[in-house]
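Residue numbers begin at 1 in each chain, while the letters A, B, ... track the order of the sequences. FYI, side chains are in, hydrogens and waters are out, and symmetry mates aren't considered; it's all heavy atoms of this structure. Owing to the predicted nature of the structure, the values given are computational and were not obtained by experimental measurement.
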Amino acid sequence: MKKLEIIFLFAVILGMSSQFHCLAQTQFNVHGYLSQAYARSNGHQIFGVPKRGTSDYRSLALQFRFDANLKSTIIIQLSHKRMGESPVMKVEDDIELDWAFCNYKFNESHSIKIGKIQLPLGIYNEIRDVGVLLPFYRVPYAQYGEGNYMSETIDGFSYTYLLNKLSPWSLKFDLYAGQWTWTEWALITNPYTNENMQVVETAKIDDALGVQFWCDSPLEGLRLGFGGYRGDVSGGLTFSENGWVGAEELAALSFSLDATFEKYFLRSEYTRILLRKNDAQAYLYYTQAGFHLTDKLSVNGQHGVFRIKDAPSKTLNRKVDVPFFKDYAISLKYDVVSSFVLKLEMHWNESFFMEDEPVLDTTIQNPGKTQYAIFSVSTSF
Amino acid sequence: MSKFIILVLFFTFSQENYIVQTPAKSSFQIVVNKSVKVTTISQKKLSKIYLKKIITWDDGRPILPVELNEEAEVRKKFTKSIFNKRVAAIKAYWQKQIFTGRDVPPPEKLSEDALLQYVENHAGAIGYLSASTSIKKYKVKVLSLQGPAK
């Protein structure tokens with residue numbers, strides 16, 4: 001571990017032990033979270049999890065919040081993330097600016113954020129690394145994976161409107177605009193040396209414009225969501241001029257169901273992505289369910305799918321459907337206290353995300369298969 | 001079967017609107033700073049205040065809710081009574097609010113005395129404490145609670 005990482009980790013642990021944040025209603029607050037994991041695969045390497053196992057698997061963040069008054073807030077969050085031997089680690093700095101924005105509340109209904117803000121998309125996007133809140137180590141990859149044109153943040157602004165706060169139904173509406181980036185990687189074989197090499201590039205979406213609606217039902221814990229965005233994508237391995245697809249206009253529509261009750265929860269999201277120029281579509285969906293066996297112990301299950309429909313195949317000279325990603329998972333989560341949880345999970349994965357097996361052509365190849373397990377400890381303050 | 005569904009729906013929706021004018025004896029009392037002009041508060045409004053969904057009193061002054069620490073028995077009762085949830089569920093709500101950058105939870109006090117001092121010294125403050133606790137030596141006032149709190 002490098003010096004900077006040690007200092008950062010120390011600061012998070014210090015914050016957890018002091019808990020000064022909650023003892024006074026001050027203008028300045030510091031919060032943070034940490035998830036540390038040990039992960040091991042029994043087949044291929046996937047999401048940085050090698051066959052021999054790794055403990056270089058963690059996510060932590062420190063948040064500094066300044067409430068100038070009841071209406072204006074400035075927030076900065078720094079993060080440090082390790083994903084074992086994942087190719088995306090090549091472009092990940094030791095400490096990164098997670099997000100930083102100014103929030104202004106006009107009143108109890110209207111507010112605006114400007115800066116590098118969290119993308120208000122779906123159930124999990126804004127809390128994708130907050131381990132104590134998640135039933136698994138990571139949010140469902142089928143929906144929130146970076147390979148699916150997603151990002152945690154957007155450089156731009158968002159406007160939030162809350163409607164009918166006092167009635168049984170309430171509506172939350174987010175409008176956002178700006179740009180975001182994501183990391184793409186591929187394992188290719190050098191034809192001269194026959195060696196595998198990892199290629200990592202950054203793709204981006206410009207002029208993005210999106211909305212997210214949430215409707216809270218009178219049945220407390222049940223809410224329905226609907227969202228969508230569009231934007232111009234370029235760069236990376238897929239959307240660069242010489243890339244597999246080229247620059248594109250991307251549009252996405254999504255539906256979310258979140259039923260979270262005292263004893264159990266059921267969450268499901270479905271997204272359809274359209275690549276207009278190539279007339280290709282991707283379908284992403286997952287379902288999660290969890291049940292509290294006791295106050296502290298819960299068992300959770302998850303199934304996620306990412307399929308591409310009508311992908312242009314240069315080899316077959318026609319359009320084909322590609323089963324890009326499929327994952328089944330179960331987990332046991334033990335809440336020692338609400339801010340300290342342990343998780344043990346097992347995944348059965350079938351996808352083109354194997355990091356030790358080159359993908360030559362997804363339209364004619366079968367996806368790789370592997371199983372992997374993660375044991376993690378998460379805390380927050 | 002359909003009658004049963006109608007009954008369940010009726011019960012679910014009607015929960016939101018009823019106000020019991022003479023509540024059962026509560027295991028906690030609601031205290032506010034002397035500057036607060038209201039004398040009664042509904043369970044629904046109280047829950048929104050403690051989730052910071054309502055942030056100002058009717059006269060426009062900011063509301064400063066204050067909590068007891070997580071282990072306090074009266075907090076467990078208050079949370080169950082006002083939110084019909086466990087303290088852990090409310091903690092999870094605040095974790096989400098914190099890490100989405102939306103808001104921070106009300107401050108927590110380690111004792112009822114500390115809570116009373118806070119309420120006494122902060123205009124617009126509101127807190128709760130055990131029904132049996134004497135508040136005579138503090139300049140605070142008690143709000144009567146409308147709703148099904150026990």
- CH2-CD1 distance between B/Trp57 and B/Ile126, expressed to the nearest 0.5 angstrom: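 If we round to the nearest 0.5 Å, B/Trp57:CH2 and B/Ile126:CD1 are 4.0 Å apart.
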Chain A contact via [X] - side chain, backbone, both or neither, heavy atoms under 4.5 Å:
| X | result |
| --- | --- |
| B/Glu70 | side chain |
| B/Tyr93 | neither |
| B/Asn69 | neither |

- Task: Please flag which part of A/Asp129 lies under 4.5 Å from any non-hydrogen atom of chain B: side chain, backbone, both or neither.
- Result: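 No part of it gets close to chain B.
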- Between chain A and each of B/Thr56, B/Asn84, B/Val87, count heavy-atom pairs under 4.5 Å; write down the option with the most.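 Between B/Thr56, B/Asn84, B/Val87, the count favours B/Thr56.
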- Hey, which of A/Val130, A/Thr73, A/Thr260 has the most heavy atom pairs under 4.5 Å with chain B?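 Ranked by heavy-atom pairs under 4.5 Å with chain B, first place is A/Val130.
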- Query: Quick one: of A/Arg65, A/Lys113, A/Gln63, who has the most non-hydrogen atom pairs under 4.5 Å with chain B?
  - Reply: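 Most heavy-atom pairs under 4.5 Å with chain B: A/Arg65.
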- Task: Return the orientation label for the B/Phe99 and A/His31 ring planes: parallel under 30°, perpendicular over 60°, tilted otherwise.
- Result: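 Judged by the thresholds at 30° and 60°, the geometry between B/Phe99 and A/His31 is perpendicular.
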- Query: Which word best sums up how the rings of B/Phe78 and B/Phe28 line up, parallel for under 30°, tilted for 30 to 60°, or perpendicular for over 60°?
  - Reply: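 Perpendicular, since the angle between the ring planes exceeds 60°.
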- Message: Checking B/Ser111 against B/Asp113: is there a side-chain donor and acceptor pair closer than 3.5 Å?
- Response: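 Absent: no donor and acceptor within the cut-off.
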- Message: Do A/Tyr176 and A/Gln118 pair up side chain to side chain, a donor and an acceptor below 3.5 Å, judged on atom types alone?
- Response: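 Result is no, nothing qualifies.
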- Task: Please step through side chain to side chain contact (heavy atoms under 4.5 Å, CB included) for the pair A/Trp214 and A/Leu224, ending with a clear verdict.
- Result: CA-CA 6 Å; A/Trp214 277 110; A/Leu224 299 169; 5.7 Å; no
